[in-house]
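Below, chain A is the first sequence line, B the second, and so on; all start at residue 1. Basis for what follows: all heavy atoms, side chains included, without hydrogens, waters or symmetry-related copies.
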There are 2 protein chains.
Amino acid sequence: MGIADRRQREKEQRKTEIIDAAERLFFSRSYEDVSMEDIAREVELNKATIYLYFKNKETLFATIVLRGIQILKEKYTECMEKQVPGIVKVVLMGQAYYQYSQEYPDYLRMIHFYGSERFSKENPCTAEIGKGYGTCRLILRDAIQEGIDDGTIRADLDPFLTSMYLMISFMGILSMENKWKLVIEAEGFSYEQFASEFFRFITPAISSGEKSHKMDVKDFASSGFFLTEPVAPEKEKRKKS
Amino acid sequence: MGIADRRQREKEQRKTEIIDAAERLFFSRSYEDVSMEDIAREVELNKATIYLYFKNKETLFATIVLRGIQILKEKYTECMEKQVPGIVKVVLMGQAYYQYSQEYPDYLRMIHFYGSERFSKENPCTAEIGKGYGTCRLILRDAIQEGIDDGTIRADLDPFLTSMYLMISFMGILSMENKWKLVIEAEGFSYEQFASEFFRFITPAISSGEKSHKMDVKDFASSGFFLTEPVAPEKEKRKKS
DNA sequence: TTTATATTATGACTGTTAGTTATACGATTT
DNA sequence: AAATCGTATAACTAACAGTCATAATATAAA
């Protein structure tokens, strides 16, 4: 009994060792630039051994992506638990996404890479990753519903659609960092400003314009609610504070 | 003289034949599922011959992506030439993107695939594709500037940032069709409604709230300006008209 | 017309990689 | 001590991007 247990534990530990080794490599190089040979060398096992633990390279990669999604889910859950109006939860979730992109840029890169085709939809991991992302969106949707109920979010919005639009926007803004950072900085913005300003841009689209809009500008802007100071439309004022 | 000309023409024709054959295959299968052998067979040439015309598979793929970008650029230019207020141009550009996604779903898929890493940034085609996309965004930025000048768009918005946010949102909304279509339809929406409703969602974020906001709702909603009728927040009204 | 030259095309090749298989090892059980 | 079972491995296959020496073909020169 104890022996079977130990063997089970050892097996799971081996699996974890493989994931850890693969993660180190996938964090530092792209999917195509990491071969199963490389991973085998990193974890000091034969390549064929890895295939005893993972069906294929895709599944191993997806397992790491799932780790990343899990962390994001936790961040969203924390936002939801805060005692603040619905619209503030929504903005907090956007900011949580931004913070995630700064804390775990490699997970985020892998998540986006996994989302971009080439990975089989039949793989059970794909469904699980989709479910993980879906959970985040559901949390966001609940926050939107709360905002509608407490009067801080436009009552005519559909919570489902709005949660989709916001998730897609968050994802888009933060998946572009590598690609468009230089363009953004060439225009005199830091990426942090770029992300922060997005919340100020989007708030009027969701705000009920009564309680919440005034609240954003007056109460939150000065108390660290937004990531940075607002950007004035004149170029001269764009320098990062 | 005439002979050199003819040979030049013939060479370019061969190149076009290769691109056309590759396009047919890349339209029907994914990047990884189309081999250079396949393309060679399709165009009835030896694989090595293709390498006389294209440096590598990436470059051939990118050449097709450029065709797609060119078409999008033309659509944006058309919107810009319309004699309408700035905010209407902006929404028209979003709709142009939607129409493009319906007319040329395969180009769009290839464009998004090209954008998702794995393709070398050193390849001159990558820069050219980036420039093509950049041109679209500049057109959008000009439309936003016009809207600010004619009072239909919030004067406190930065045209550069706003054009980025909108482009990213358009791209995001329309790159998700394959992935999230089922989720959206499970909620009782058609993808067309999903895209159309986005414009109604985003308009308050850019509208100056004076001339333009009322204009959207009163004048345009009933005259085909939006793609579909507005969606009421109740699930019962979600069926596609 | 014949020969030389340049361009275009090709079959056969290399190197790399994901994934498989037959075999060996080592711990546990009989 | 022998049989059993799970784990590990070396050697393999198949597929593919990209290369190269050689051949075929068209143009130019003799």
Checklist entry - NA contact type, A:K47, heavy-atom cut-off 4.0 Å: base, sugar-phosphate, or nothing? => result base
How many whole angstroms separate atom [atom1] of [X] from atom [atom2] of [N]?
X     : N      : atom1 : atom2 : answer
A:L45 : D:dG6  : CG    : P     : 19 Å
A:M36 : C:dT20 : CE    : C1'   : 13 Å
A:R41 : C:dT16 : CZ    : P     : 12 Å
A:Q8  : D:dG6  : CD    : P     : 12 Å
B:K57 : D:dA15 : NZ    : P     : 15 Å
A:N46 : C:dT20 : CG    : P     : 14 Å
B:E17 : C:dA9  : CD    : P     : 10 Å
A:Y51 : C:dT17 : OH    : P     : 12 Å

In terms of side-chain geometry, is the basic nitrogen of [X] or [Y] positioned less than 4.0 Å from the acidic oxygen of its partner?
X      : Y      : value
B:D38  : B:R29  : yes
A:D158 : B:R200 : no
A:E17  : A:R14  : yes

Phosphate oxygens OP1/OP2 of [N]: is one of them under 4.0 Å from a side-chain N or O of [X]?
X     : N      : value
B:T49 : C:dT10 : yes
B:K11 : C:dT8  : yes
A:R14 : D:dA8  : yes
B:Y53 : C:dA9  : yes

Next on the checklist: Check for me whether the distance between the ring centres of B:Y114 and B:Y31 falls short of 6.0 Å.
Outcome noted: no
Item to check | Closest listed nucleotide, where the reference is the side chain of B:L52 and the choices are D:dT27, D:dT19, C:dT8 | outcome: C:dT8
Next on the checklist: Can you tell me which nucleotide in C:dT8, C:dT20, D:dA17 comes closest to the side chain of B:R7?
Outcome noted: C:dT8
Next on the checklist: I'd like to know if the side chain of A:N56 pairs up with that of A:T59 as donor and acceptor (distance under 3.5 Å, no hydrogens or angles considered).
Outcome noted: yes
